[in-house]
Each structure stands twice: as structure tokens, then as C-alpha cells.
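Report on the following structure.
Ligands are counted one by one from 1 in listed order, and the atoms in each one are counted from 1 as well.
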Amino acid sequence: MLDIDKFIQDAINEIREKVRDGNAIIALSGGVDSSVCTKLAHMAIGERLTPVYVDTGLMREGETDQIKKVFSETNLVVVDAREEFFNALKGVSDPEEKRKIIGEQFVRVFERIAEEKKADYLIQGTIYPDIIESMGGIKSHHNVGGFPVKYAFKDVVEPLRDLYKDEVREVAKKIGLPEEISERMPFPGPGLAVRVIGEVTPENIEVVRRATKIVEDELEEYQKWQAFAALVGKATGVKGDIRVWGYIISIRAVDSRDGMTADPLSIEYGVLRKIALRITSEIPEVARVVYDITPKPPSTIEYE
Ligand code: XMP
């Protein structure tokens with residue numbers, strides 16, 4: 001069992017000892033890991049920490065505003081990079097290529113701010129399963145050094161490196177982060193882009209964002225690891241009397257301890273039906289909704 005109070009004190013000490021009188025920067029995504037890490041680092045070094053939140057245009061609904069609110073006491077820098085990201089992703093449909101471009105784009109924006117702030121140290125919210133998964137070479141996490149940062153930091157501090165997700169959530173509650181963050185579902189670094197199969201556009205990202213909000217609302221009461229919508233292709237439908245060629249939304253809802261294996265939720269038919277009706281009526285571009293019943297393995301949780 002993790003001794004939460006001891007962990008918090010040790011993490012604060014570690015950050016203070018490493019950063020000393022220097023200053024540090026952290027990429028804040030709004031997920032529980034980077035939020036906890038930002039809060040701990042702020043407790044440790046206060047104003048000498050610059051949290052950087054990059055609005056990639058690939059975030060969930062309301063996320064940017066929430067971050068601004070929760071971290072208003074810090075030296076938070078919010079970068080609106082939506083246009084840069086969508087331009088860089090134009091015409092790209094290969095999953096790893098998408099991840100690579102997003103990672104590189106992210107690092108570019110981040111380095112720009114590190115340069116501006118003359119940051120000495122990099123603080124990262126890397127947790128134990130990130131380290132394990134990236135060792136297997138399954139995918140490229142940009143928070144585990146998958147993307148080389150050219151900027152010369154004196155050192156990198158990763159205070160959460162030994163924790164599992166449920167432990168990070170415990171710490172989040174203890175240090176007073178709001179429930180929307182401590183209980184927030186994991187969200188991939190490349191954001192909604194890995195939940196749209198193929199090329200992303202501002203339009204299809206908006207569709208998946210709205211569908212995700214509906215899935216989250218309707219499955220709020222369920223015990224789960226993640227529940228979201230993905231845009232998996234196109235299919236015919238009839239809306240009014242007109243035949244349409246619309247998007248297929250897949251509902252992904254799984255339980256897991258650490259994301260390495262996962263089981264789909266057993267959701268009542270009535271609830272699934274309601275989600276399908278809401279998505280197809282509230283989002284005109286969607287013609288069909290399916291429920292993904294595949295565990296991990298053999299599937300992954302995300303779609304790309
Ligand atoms: P998969 O899709 O590999 O995902 O079964 C396992 C867990 O990891 C999350 N995930 C990511 N998290 N950066 C992250 O920080 C990423 O690039 C990334 N890709 C997937 C995913 O949401 C799931 O919880």
C-alpha cells in the first residue's frame with residue numbers, strides 16, 4: 001500500500017532538491033497524471049514553475065476552460081496551436097504518422113516556451129505503466145521521451161514514475177484537485193486524433209468530440225476505466241426521407257486497472273439504445289452507432 005502523505009512529501013522534496021534555485025517547465029495536458037505533477041511541482045517551487053497547456057484542437061469538450069480555471073494560481077501558459085496542428089495533419093491518415101506529427105508539433109511548441117522562459121528543468125508526469133508500455137515499443141508516448149526534445153534541460157524530474165493510475169488518483173484527491181480531474185478518464189497524448197480513423201479535420205474532430213460528450217454523460221454512473229466515442233468510418237443511413245452517407249460512431253467503454261488489459265462494460269440495451277438515438281439525432285453527420293465488445297487483448301483500447 002502506498003503511504004500517500006509520505007509520497008507527497010518525498011515528491012516535493014525530490015523536486016526541490018533537483019531544481020534547487022532554478023526554474024522548471026511542465027507540459028500540462030489536463031489528465032490526472034500531468035495535473036498531479038503540476039500541482040506537486042507548484043507546491044514545491046511555486047512561481048518558478050511554468051505549466052504549459054497546448055490547445056491542439058484535439059481536446060475534449062470544455063477541457064481548455066477547465067484547465068485555465070483549476071490552474072489559475074500558477075504561471076500557466078496556454079498556447080492556442082489549433083491551426084498549426086490541423087495544418088500539419090492535413091492529408092495524413094497513417095496512425096503512427098499521425099502520432100509522430102502530433103508529437104513533433106507538440107515538442108516544437110513546448111520548446112518554444114521553454115526557450116522563452118529559459119527553463120532549466122523539465123518535470124514530467126510519467127507513471128509506471130507508461131514506462132513499461134514504451135519499453136515494449138507498442139506506441140510512442142510523447143511523455144516518455146519518445147520525441148527527442150532538443151532543448152538542453154539540465155535534468156528531467158519524474159516524481160510519479162513508480163505509481164499506478166489508481167494511486168495517482170489518490171494523490172490527486174489528497175492534494176485537493178477537483179473530482180473532474182482526480183476521477184478523469186485517461187486520455188491519449190495525441191487526443192481525439194487517435195479516435196478518428198484516417199485523416200482528421202476540424203469537422204470530424206468536432207463530431208467525435210460531441211459524441212464523446214454524450215457517451216460520457218450517459219455512462220457517468222458506470223464503474224469504468226474509459227468510455228468514449230470513436231469515428232470509425234462511413235455508412236449509409238436515412239434521415240427524414242433522405243438517404244445519407246454519414247459517419248459510423250463506435251462506443252468504446254471498458255474497465256481496467258492499468259490499461260494494459262481491458263474488458264468491455266456490460267451495458268443495458270436501453271442505455272445503448274438511448275446513446276445511439278442521442279448521437280444520431282444531436283449530430284446530423286452521424287448515420288450509425290455501434291458498440292465495441294472486444295476486450296484488450298486482442299484489441300487495444302484506443303483505435304489507432
Ligand atoms: P491502448 O490503446 O494502447 O491504450 O490500449 C492503453 C491506455 O493508454 C492510453 N493511451 C495513451 N496515453 N499517450 C498517453 O498518455 C498516448 O499516446 C496514448 N495512447 C493510448 C489509452 O487511452 C489507454 O488508457
Looking only at non-hydrogen atoms, which of Gly31, Ser29, Pro188, Pro190 approaches atom 11 (C) of ligand 1 most closely?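 Ranked by closest heavy atom to atom 11 (C) of ligand 1, first place is Pro188.
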Only heavy atoms of [X], strictly under 4.0 Å: list the atoms of ligand 1 that pass.
X: Lys296; result: 1 (P), 3 (O), 5 (O), 6 (C)
X: Gln226; result: 21 (C), 22 (O), 23 (C), 24 (O)
X: Gly189; result: 13 (N), 14 (C), 15 (O), 16 (C), 17 (O)

Please verify whether a non-hydrogen atom of Arg99 lies at under 4.0 Å from ligand 1.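 Under 4.0 Å: yes for Arg99.
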Under 4.0 Å, counting heavy atoms only: does Tyr303 come that close to any atom of ligand 1?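 Heavy atoms of Tyr303 never come under 4.0 Å of ligand 1.
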If you measure from CG on Asp33 to CG on Leu163, what distance do you get to the nearest 0.5 Å?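 If I round to the nearest 0.5 Å, the distance is 9.0 Å.
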Got an N/O contact under 3.5 Å between [X] and ligand 1?
X: Pro186; result: no
X: Gly259; result: no
X: Asp130; result: no

Mind checking whether Met260 contacts ligand 1 via backbone (N, CA, C, O), side chain (CB onward), both or neither, at a 4.0 Å heavy-atom cut-off?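 Neither; nothing of Met260 gets under 4.0 Å from ligand 1.
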So, Ser299 side chain and Lys296 main chain: donor-acceptor pair closer than 3.5 Å or not?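 Not at all, since once roles are kept as given, no pair shorter than 3.5 Å links the two residues.
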Just by distance, do the side chain of Arg169 and the backbone of Ser182 share a donor-acceptor pair under 3.5 Å?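 Checked: pair present.
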Is it the case that atom [atom1] in [X] sees more than 12 heavy atoms from other parts of the structure closer than 6.0 Å?
X: Ile4; atom1: CD1; value: yes
X: Phe153; atom1: CZ; value: yes
X: Arg161; atom1: CZ; value: yes

Can you confirm whether Tyr151 sits close enough to Ile113 that some side-chain heavy atom of one is under 4.5 Å from a side-chain heavy atom of the other?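 No, too far: nothing below the 4.5 Å cut-off.
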